[in-house]
Amino acid sequence: MIGALPTAASLYERVRRVIPPIEWPAFADDIDAILALKRERNAVILAHNYQTPEIFHCVADIVGDSLALARKAMTVEADVIVVAGVHFMAETAKLLNPGKTVLIPDLAAGCSLADSITAEDVRLMRQRYPGVPVITYVNTSAAVKAESDICCTSGNALAVVKSLNAPRVIMLPDEYLARNIAAQTKVEIIAWKGRCEVHERFTAADIRELRGAHPGVTVLAHPECPPEVVAKADFAGSTAAMSDYVGRHKPARVVLMTECSMSDNVAVEHPDVDFVRPCNLCPHMKRITLRNIRSAIEENRHIVTIDPRVAERARWAVERMLFV
Ligand code: 13P
Ligand code: SF4
């Protein structure tokens, strides 16, 4: 038997600490419509940790970091997967569950890392370093993934490097992720010059100022941050690892050196933790809204497609990382 749908009014309780009552009426109608549409079209919503709380906590079915979203996309049984995240995440879901209709509410939701490298660049790197295995971050196009030996995310990058048992690897395209991983292994890592436009803006001086202004604050950083930021943080890990850290350690006061919505989403689960919030917005993640999620399901758009010749090779690289 199909149970009663929750209503926007009942969901507000969950997010009242991070969404002021004055903003809620602007969301309520879309939330009710999306909940009904998901049932009508047998659709599920996958939302990344950087989505705003009214998406993350009120309409998403599956939430997490890039690695968790990839794993869970593979086992979705619903007919339609709506990705509340950026384009490479939607492509990854399509690669891993090709029989489903995968929708992205805004095709312009890109990523500065994915834009920093092309398939041709990867081929040139292979020519320059013959025989050296190529690891590509999932924050890349399917065409770039197709040129690589294996993918990685920020959650499994070190394990992926170790799994190759090679003295030298190429890790593309995030220079800072590559350097942060290189600091934890003897394997030589050849990097590319890609940067996350959100995380590259954090500085070691920011951490010094934060520690001065909030004595005792725990600082967590994403590994896309510059190495000098990671070195000064108390912990560095993927978005899911940062969220788990807060749950396990319950710091009295914490700052997440990452995208702004992370703190809101984690704060909902941990009312006893004080979140200091200097953060940087990801303009690509912020292209996804309740309004365009609603239109995506109503109008069945934008359907994610991948050239089958590219998809076959890209799928191999993504699936391989899931077995590490
Ligand atoms: P995670 O895999 O840690 O969720 O990171 C994805 C991302 O785009 C970070 O900027
Ligand atoms: Fe890309 Fe950075 Fe935005 Fe993540 S936060 S989607 S890496 S631009």
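Starting from 1, each residue takes its place in the sequence as its number. One-based numbering, in listed order, for ligands and for the atoms of each.
Close N/O approach between N49 and ligand 1 is not found [any backbone or side-chain N/O within under 3.5 Å]. Here's the thing with D65: none of its N/O atoms is less than 3.5 angstrom from an N/O atom of ligand 1. Here's the thing with Y137: none of its N/O atoms is less than 3.5 angstrom from an N/O atom of ligand 1. Between T239 and ligand 1, at least one pair of N/O atoms sits closer than 3.5 Å.
In this structure R123 satisfies the side chain to side chain donor-acceptor pair (under 3.5 Å) test together with E120, E147, sequence neighbours excluded.
Within the protein, the N, O or S atoms lying under 2.8 Å from atom 3 (Fe) of ligand 2 are C282 SG.
When hydrogens are left out, the protein atom nearest atom 6 (C) of ligand 1 is S66 OG, 3.3 Å; that is the closest non-hydrogen contact. Closest to atom 7 (C) of ligand 1 among all protein heavy atoms lies E224 OE2, 3.7 Å.
Heavy atoms of E259 stay at 4.0 angstrom or farther from ligand 1.
Heavy atoms of V198 found under 4.0 angstrom from ligand 1: none, in either backbone or side chain.
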| said: Between D65 and S238, does the side-chain hydrogen bond (donor to acceptor under 3.5 Å, both in side chains) criterion hold? Intermediate values first, please. | reply: CA-CA 7 Å; D65 66 356; S238 76; 3.0 Å; yes
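Under a 3.5 Å cut-off, the side chain of S148 and the backbone N or O of C151 do not form any donor-acceptor pair.
Atoms of ligand 2 found under 4.0 Å from any heavy atom of E224, numbered from 1 in the order shown, are 2 (Fe), 7 (S).
Defined by atom type and a distance below 3.5 Å, a donor-acceptor pair is missing between the side-chain atoms of Y137 and S66.
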